[in-house]
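Along the sequence shown, residues are numbered consecutively beginning with 1. If you're wondering where the values come from, they're calculated on a predicted model, not measured in any experiment.
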Amino acid sequence: MTLFLTLLSGVAWTIVYIELIRNGFKYKTYAMPLFALGLNIAWEIIYSVNDLIISGNSSGIQGSVNLVWACFDIIIVYTYFKYGKKYFPERAKRYFVPFSILVFATCFAIQFAFYFSFEAIPAAQYSAFLQNAAMSILFYKMQRCPFYF
């Protein structure tokens, strides 16, 4: 059952990521809120490395799924940097890249804080729960305001 749910989740989120990428290019926008994107890519990179390299997980299914998601997230990050600046406040456009890099660094720091504070599986679960709650709020707010972090 765990394998089935892992694969189902992997397929479902991969479809979401493909749709985010498709919409990003189609509408010349980024389709995922910045903090959600930062937390996602950090989580997926950290736990794919943990599952596939550090812990040597025998099946590697979740690590492989995480790696696929991270690859799609890299494309979403590209759409963010390509199209996101136009949504940034006019007076702050020159800070778009440094601010965005700071956000990504902060998201990695948050995910590493979980990773180094707990064992790998509880860390992944705790941070994923909080991340998903934040994502839900951020996606809702993004519908109402095009540049919502």
Side-chain angles (χ1 to χ4, degrees), residues 6 9-57 60-149:
T6 300
S9 171
V11 169
W13 273 108
T14 300
I15 291 168
V16 170
Y17 285 178
I18 290 169
E19 188 64 13
L20 290 171
I21 292 165
R22 190 185 70 76
N23 281 331
F25 286 116
K26 180 178 179 181
Y27 298 110
K28 296 186 183 333
T29 188
Y30 65 98
M32 184 181 282
L34 176 58
F35 282 94
L37 180 56
L39 289 169
N40 265 3
I41 197 163
W43 191 94
E44 290 154 0
I45 289 171
I46 290 168
Y47 294 105
S48 63
V49 168
N50 179 75
D51 289 357
L52 297 174
I53 298 170
I54 296 172
S55 74
N57 188 336
I61 298 296
Q62 185 65 57
S64 299
V65 167
N66 294 345
L67 185 59
V68 168
W69 290 342
C71 291
F72 282 115
D73 267 344
I74 289 169
I75 301 169
I76 298 170
V77 168
Y78 172 78
T79 63
Y80 170 78
F81 279 104
K82 182 168 178 70
Y83 303 119
K85 188 175 186 176
K86 68 183 175 187
Y87 298 102
F88 221 64
E90 195 59 44
R91 294 186 342 213
K93 284 192 189 301
R94 67 182 174 166
Y95 301 112
F96 174 73
V97 171
F99 175 77
S100 300
I101 291 170
L102 178 63
V103 169
F104 282 107
T106 301
C107 290
F108 269 90
I110 290 168
Q111 294 293 7
F112 275 126
F114 279 95
Y115 183 77
F116 289 118
S117 295
F118 302 100
E119 295 293 322
I121 291 174
Q125 293 169 335
Y126 298 155
S127 63
F129 175 79
L130 292 174
Q131 176 181 327
N132 281 310
M135 277 180 34
S136 298
I137 294 165
L138 291 169
F139 270 106
Y140 173 75
K141 290 302 240 179
M142 188 176 187
Q143 289 178 342
R144 303 172 79 68
C145 175
F147 193 78
Y148 196 83
F149 306 111

Nearest non-hydrogen partners of [X] and [Y], listed with the distance:
{"X": "Ala70", "Y": "Ile45", "result": "CB-CG1, 4.1 Å"}
{"X": "Ala123", "Y": "Ser127", "result": "O-OG, 2.8 Å"}
{"X": "Gly24", "Y": "Tyr83", "result": "O-CE1, 3.6 Å"}
{"X": "Val65", "Y": "Gly10", "result": "CG1-CA, 3.6 Å"}
{"X": "Tyr87", "Y": "Lys28", "result": "OH-O, 4.1 Å"}

Measure the spacing between [atom1] of [X] and [atom2] of [Y] and express it to the nearest 0.5 Å.
{"X": "Asn40", "Y": "Ile76", "atom1": "CG", "atom2": "CD1", "result": "8.0 Å"}
{"X": "Ile21", "Y": "Asp73", "atom1": "CD1", "atom2": "CG", "result": "8.0 Å"}
{"X": "Ser48", "Y": "Asn66", "atom1": "OG", "atom2": "CG", "result": "6.0 Å"}
{"X": "Ile75", "Y": "Arg22", "atom1": "CD1", "atom2": "CZ", "result": "14.5 Å"}
{"X": "Glu119", "Y": "Gln125", "atom1": "CD", "atom2": "CD", "result": "12.0 Å"}
{"X": "Leu52", "Y": "Gln62", "atom1": "CG", "atom2": "CD", "result": "10.0 Å"}

So, Gln131 side chain and Ala36 main chain: donor-acceptor pair closer than 3.5 Å or not? no
Measure from the side-chain N and O atoms of Lys93 to the backbone N and O of Lys85, and report whether any donor-acceptor pair falls under 3.5 Å. yes
[X] atom [atom1], over 12 foreign heavy atoms within 6.0 Å:
{"X": "Tyr95", "atom1": "OH", "value": "no"}
{"X": "Ile121", "atom1": "CD1", "value": "no"}
{"X": "Lys86", "atom1": "NZ", "value": "yes"}

Side-chain touch [X]/[Y], heavy atoms, less than 4.5 angstrom:
{"X": "Lys82", "Y": "Tyr30", "value": "no"}
{"X": "Leu20", "Y": "Tyr17", "value": "yes"}
{"X": "Thr79", "Y": "Thr29", "value": "no"}
{"X": "Cys107", "Y": "Val103", "value": "yes"}
{"X": "Phe72", "Y": "Thr14", "value": "yes"}

Between Tyr140 and Ile137, does the side-chain contact (heavy atoms from CB on, under 4.5 Å) criterion hold? Intermediate values first, please. CA-CA 5 Å; Tyr140 173 75; Ile137 294 165; 5.8 Å; no
Test side-chain contact (heavy atoms from CB on, under 4.5 Å) on Ile46 and Phe114 and set out the steps. CA-CA 11 Å; Ile46 290 168; Phe114 279 95; over 6 Å; no
Ring center gap for Phe96 and Tyr80 short of 6.0 angstrom: yes
Given Tyr126, Tyr47, Trp43, Phe108, the one that forms ring pair (Phe, Tyr, Trp, His ring centres under 6.0 Å) with Tyr115: Tyr47
Phe88, Phe104, Phe81 screened by ring pair (Phe, Tyr, Trp, His ring centres under 6.0 Å) with Phe99, the one that passes: Phe88
